[in-house]
There are 2 protein chains.
Amino acid sequence: MDKNKRDSKKITILDIAKRLGISPATVSNALTGERYVKKETIEKVKKLAVDLDYRPNFIARALRSKKRNIIGLITSNIRNPFYAEVISGVEDILSKKDYILVINSTSFNKDTEVKGVKQFNNLLVDGFIFVGGLSDFTHIHQLLSMDTPVVLINRRITGSKYTEITIDYKKAMTKMVDFLSDKGHKVIGYVGWKNDSAIIPIEKYSGYLEGLKKNNLTENKNIIFSKDKIPIREFREYREYAREIYPVILKEKVTALIAQTDSIALGLMDGFRELKIKIPEELSITGCGNISQSRSFYPLLTTINIPKIRMGKFAAEVLIDLISRGKSKKQTIYLKSTIIKRASVADISY
Amino acid sequence: MDKNKRDSKKITILDIAKRLGISPATVSNALTGERYVKKETIEKVKKLAVDLDYRPNFIARALRSKKRNIIGLITSNIRNPFYAEVISGVEDILSKKDYILVINSTSFNKDTEVKGVKQFNNLLVDGFIFVGGLSDFTHIHQLLSMDTPVVLINRRITGSKYTEITIDYKKAMTKMVDFLSDKGHKVIGYVGWKNDSAIIPIEKYSGYLEGLKKNNLTENKNIIFSKDKIPIREFREYREYAREIYPVILKEKVTALIAQTDSIALGLMDGFRELKIKIPEELSITGCGNISQSRSFYPLLTTINIPKIRMGKFAAEVLIDLISRGKSKKQTIYLKSTIIKRASVADISY
DNA sequence: CTGTTAGCGCATTCAT
DNA sequence: ATGAATGCGCTAACAG
């Protein structure tokens, strides 16, 4: 019965050893290549392993050796499409390298985050990846031993001792101002939110200011539309917001708006569309992120591309490297971002 | 030094046993509640466990007992927002019940799927969840032992021996025709794709036909716009498609269009917008799924809600139950779906 | 109610 | 180049 084969007891190295009349240790060595074994023996063992459909028991292996081949990923929200892309990059590399990916979603909640880390600690994961989240990390830091390999993706933390993978948001935003300035825009507004403990938004904002200076444009507080509260549903909130800020935009003769994220930009665009304002003819808008919606809905959004999948892949590779060296490392790696020029910006440099 | 505490050797039940002058087995029993232990002993043990910051070693526990508390989830594509919501539901329940979630994304590729299942088998997961994917399952089936607990979410397979969680797409679509008919629509078209091995699209389509019959509407092949190929990027492809089908829509006096998915509906709407066709004044459109974009972009889409998060939660609960009983079960569970009435449908029943 | 013993499957000494 | 013995941390089986 072929069915029974599936139900029969799992093959272990002992089974292989018996059949071959050798010791389990030799089988182990032959299979993992840790120690020198005669070529023929290796071949015999490997062949039989395939024939018997031997599968190493990860759990037993993990208990014995310190190598687990498990990586824990903690993200604030799996549902965020931005993170989903990052995670798929991570997943891609890990599965290729025979690592197992364990996931935990925290909804920005510290207790949940703590619980997740503890759980992973019990599982004895080889390393951690954090995707997104706030800049506070102390509650997590105290749960990790000094040299646990950790990589943070798009999560900047104050006084970090870990590897952080991000992009230079400040520079990116400055470049965006350059770009708009080149297109003839002189009154460029900014729409976003700020919060002392959120590093990335602050970086973006300061990049915007820097860009104004660099291009000799005057900074005008009236056209910096910054909320203090973290918006939960960016798209919706900023769609409403469009109506609210439009009078100011008219009054101050704003020709272009830089939004802090794509969701904000898309929300604004949709809001303006309701108001019958033509994008980009009457107002140019840019975003940041290059999420898939930004290349779906009309007008296609001019935005800053963040290499999400590549970030994930890269993080996985760096982490595996750290694991092989058994340590954490303090470093910040900036991936390249580029401006994606699409239809939401008008050239008014006539 | 508090720092050293983190790095010091892990506490085991043996440590606790020694300090309390009892046996490790008793500690184990006190902690897991498997066997009867005196109340005071339990309290003493638990207290010391907390004080020493004892953390059970999942790996060791898993090796010894057959309970792993690990669940493997395989999905065709993490990046699909629909699946992301389902997964977040799964994740929510599992983390509450102290299960660990391991994830694998297959990009619809059979080999990758096989590899993922094998990997999970080596990890000895307690059960499997499959989210989405094609209806072929033979390649996976042969890798699973007869009573491995398995739950499929939104993946219908032919001759299944497993628990499937889905909604009654046929009925849902029929109801959508009812709804449109009530609103006075008499010429209702259908836009989607079909493929012999994809059960869900077939169900939807037959629900549409059923609805026509039920409402005494004539079936007209000309206004059934069905692609044979599985579209990779639904939104974009159907945005283009709008232009292609519009002449027929005019000619046949179609007043409403039922799209097979939200992405298709949104793509069509965006395409029609380009053509300056007013939705819903000139043409009503409905979708299926109630993905977040359907409630973001104007006009808000009338669609069929699929309880994605609930599906995930429910699947996790069912799976945990199957695990506790150590078996798989052949059953199909239908979750309730409802029509979400929004702005993309006009009432023309005057 | 609790202790003793054994062993899950594997990789790692230490032998030879 | 290979085998025998040991133990990772925990829980199941069997005693008391």
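Throughout, a chain's letter reflects where its sequence line sits, starting with A, and its residues are numbered from 1.
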Give one of base, sugar-phosphate or nothing for Pro56(B), where a contact means two heavy atoms less than 4.0 Å apart. sugar-phosphate

What's Ile59(A) touching, base or sugar-phosphate or nothing? Going by heavy atoms closer than 4.0 Å. nothing

OP1 or OP2 of [N] sitting under 4.0 Å from any side-chain N/O of [X]?
X: Arg61(B); N: dG9(D); answer: no
X: Thr32(A); N: dA11(C); answer: no
X: Thr26(B); N: dT2(C); answer: no
X: Tyr54(A); N: dC10(C); answer: yes

Taking five pairs at each end of the helix from dC1(C)-dG16(D) to dT16(C)-dA1(D), what angle separates the two helix axes (nearest 10°)? 40°

Among all residues two or more places apart in sequence or in another chain, which pass the ring pair (Phe, Tyr, Trp, His ring centres under 6.0 Å) test with Phe314(B)? none

Between [options], which one does the side chain of [X] approach most closely?
X: Leu63(B); options: dC8(C), dC8(D), dC10(D); value: dC8(C)
X: Ser65(B); options: dC10(C), dG3(C), dA12(D); value: dA12(D)
X: Asn57(A); options: dC10(C), dT2(D), dT2(C); value: dC10(C)
X: Arg64(B); options: dC8(D), dC10(D), dA11(C); value: dC10(D)
X: Ile13(A); options: dG3(C), dT2(D), dC10(C); value: dC10(C)

Listed partners of [X] passing salt bridge (Lys or Arg N to Asp or Glu O under 4.0 Å), at least two apart:
X: Lys44(A); answer: none
X: Arg156(A); answer: Glu164(A), Glu203(A)
X: Lys329(A); answer: none

In whole angstroms, how far is the P atom of dG9(C) from the CG atom of Asn29(A)?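 My rounded result for the distance is 19 Å.
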
Just the rounded figure in Å: distance from C1' of dC10(D) to CG of Leu123(A).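 About 15 Å, once rounded to whole Å.
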
All pairs passing salt bridge (Lys or Arg N to Asp or Glu O under 4.0 Å) where residues 94-107 of chain B contributes a residue, at least two apart: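 Found Asp92(B)-Lys96(B).
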
Testing Thr106(A), Ile74(A), Val151(A) one by one against Phe130(A) for a side chain to side chain contact (heavy atoms under 4.5 Å, CB included), which residue passes? Ile74(A)

Assess whether salt bridge (Lys or Arg N to Asp or Glu O under 4.0 Å) is satisfied between Lys47(A) and Asp51(A), documenting all intermediate values. CA-CA 6 Å; Lys47(A) 181 165 183 333; Asp51(A) 288 352; 2.8 Å; yes

